There are 2 protein chains.
Amino acid sequence: MSLVRSDIGRLLQYKLCLLRFKELGVNTIFSYNLGEAAGVTAVQVRKDFSVYGIKGRKRGGYNIDTLLIELNNIFGNSRKNIVVVGIGNIGKAIIQYNERFVKKNLHIVAGFDIDPSKQNKSYGVPIYPVEKISEVIKNNNVSTAIIAVPFQVAQELCNILISAGIKGILNFAPIILKVPDEIIVDNINLSNKLEGIIYNINL
Amino acid sequence: MSLVRSDIGRLLQYKLCLLRFKELGVNTIFSYNLGEAAGVTAVQVRKDFSVYGIKGRKRGGYNIDTLLIELNNIFGNSRKNIVVVGIGNIGKAIIQYNERFVKKNLHIVAGFDIDPSKQNKSYGVPIYPVEKISEVIKNNNVSTAIIAVPFQVAQELCNILISAGIKGILNFAPIILKVPDEIIVDNINLSNKLEGIIYNINL
DNA sequence: TTTTTATTGTATTTATTTTCACAAAAAATT
DNA sequence: AATTTTTTGTGAAAATAAATACAATAAAAA
């Protein structure tokens, strides 16, 4: 299993900050300003750009439109289809979040649940029985799935997703999924996040 | 702003895995088994334990009950009260998750929202207007808050929370919050998580 | 009892990430 | 036109994290 590199997380944060600056009518930015907004040092910003071959102008800072083009070259801006497995509290919330993902060209195209009563309801995205996972993923060119099911069934659904061709998983189930090396997994364990914060408070 | 150390995240994962093993009736575990379950190497497990002075028995592995006691000594097991600010999609999902947090002695004691219609509804946790933040936090000995509001108002609410005595924040708003050094913040940006996974898939 | 085997515990090495230091460039000032 | 100031860009150093290697120990087998 591969993990998501930390500099990639920073570049995505820069992209987000730059879009906000652009909306405010800013054209040019210094590493110091971007670092301030992104919560990192100015050197970290310049080093990150340096690694990816992104150039500014000495004493002139960086042009925001140019940076956004460079970042789009790195991340691509083609449409990405996503599915959500498990329409409980978290799964439902994520599906209802879809309109914001769409702005980044991330499209939740389907949800899956074993509960037939969930399958009737529309949250703006069609909900299918889990038996349809393979079919829907293949027909919609879906590369990425969000798992939001109880941990007891998470591995089983993970296996089904990978058989169906899923390459990346955002996993909310509190369990470490066993996947082949080439599959990307990122875990969000809310209890552990909270416990980690509380540990650091009391340090 | 302090970040949550990565070895702490691993220790919490070990704790979770150990609880599951215990439920299955396992008494003793080897670093290899725990590493397998937690998604890390056996050496990493032993090294982590070594750093925190946790001892096993040569060739005998680790006693699970002993490990859990040691881990509880590190993390404490006193009751921790938490509030959620913003009862939108994510905030509502988290509140409805409360019963699972309670098992870890994490208690969501209140939610806050500006929308009065949200304040009537009960999701198992009382919802107050944001004007009550300071009062509720002080009366309930709350150390930790979850921010799930639109990014445009996140910093403002963050400031209110800190004035009210909050020491740690789990932030779902897609913005880097400015806080004093002693305040602990952990960010979850769902779009960035997904974009990071997709970047790594196409690498 | 002695030897072999399995496992922990940790010092050392290697790899990765971040910070420091400063030269190079360009704009602003004198 | 020369000087000063500001900011980028990056090699080198420092800090942090992870992997390797192996001694120490205790259980199991001979």
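Every chain is numbered from 1 and lettered A, B, ... according to where its sequence line falls, protein lines coming before strand lines. This is a predicted model, so every value here is computed, not measured.
Asp7(A) places its CG atom 7 Å from the P atom of dT17(C), with the value rounded to the nearest Å. Look at NZ on Lys47(B): it is 11 Å from P on dT12(C), rounded to the nearest Å. Atom OH in Tyr52(A) sits roughly 17 Å away from atom C1' in dT10(D) (whole-Å rounding). Straight-line distance from the CG atom of Asp48(B) to the P atom of dT10(C): 13 Å, rounded to whole Å. Per the geometry, CD belonging to Gln44(B) stands 13 Å off C1' belonging to dT20(D), to the nearest Å.
Residue Arg46(B) places at least one side-chain N or O closer than 4.0 Å to OP1 or OP2 of dT8(C). OP1 or OP2 of dT10(C) has at least one side-chain nitrogen or oxygen of Lys55(B) nearer than 4.0 Å.
Among residues at least two apart or in separate chains, ring pair (Phe, Tyr, Trp, His ring centres under 6.0 Å) pairs with a member in residues 9-37 of chain A are Tyr14(A)-Phe49(A). Here ring pair (Phe, Tyr, Trp, His ring centres under 6.0 Å) pairs that include residues 80-110 of chain B, with residues two or more places apart or in two chains, are Tyr97(B)-Phe101(B).
Taking Lys15(B) as the reference, Glu195(A) meet the salt bridge (Lys or Arg N to Asp or Glu O under 4.0 Å) condition, with sequence neighbours excluded. By the side-chain hydrogen bond (donor to acceptor under 3.5 Å, both in side chains) test, Ser134(A) is found to be paired with Lys138(A), residues two or more places apart in sequence or in another chain being considered. Remark: Lys22(A) engages Asp65(A) in a salt bridge (Lys or Arg N to Asp or Glu O under 4.0 Å) (not counting sequence neighbours).
A heavy-atom distance below 4.0 Å to DNA chain D is reached by these residues of residues 57-69 of chain A, ordered by number: Arg57(A), Lys58(A), Arg59(A), Gly61(A), Tyr62(A). The stretch residues 26-33 of chain A does not touch DNA chain C, since none of its heavy atoms comes less than 4.0 Å from the strand.
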Show every donor-acceptor pair shorter than 3.5 Å between a side-chain atom in residues 143-168 of chain A and any protein atom, with sequence neighbours excluded, or say none if there are none.
unit_1, atom_1, unit_2, atom_2, d
Gln155(A), OE1, Lys178(A), N, 2.8
Gln155(A), NE2, Asn159(A), OD1, 2.8
Gln155(A), NE2, Lys178(A), O, 3.0
Asn159(A), ND2, Gln155(A), O, 3.4
Ser163(A), OG, Asn159(A), O, 2.8

N/O donor-acceptor pairs under 3.5 Å from side chains in residues 70-78 of chain B, not counting sequence neighbours:
unit_1, atom_1, unit_2, atom_2, d
Asn72(B), ND2, Leu68(B), O, 3.4
Ser78(B), OG, Lys80(B), NZ, 3.3

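Judged purely by distance below 3.5 Å, without hydrogens or angles, the side chains of Tyr128(A) and Asp113(A) never pair a donor atom with an acceptor atom.
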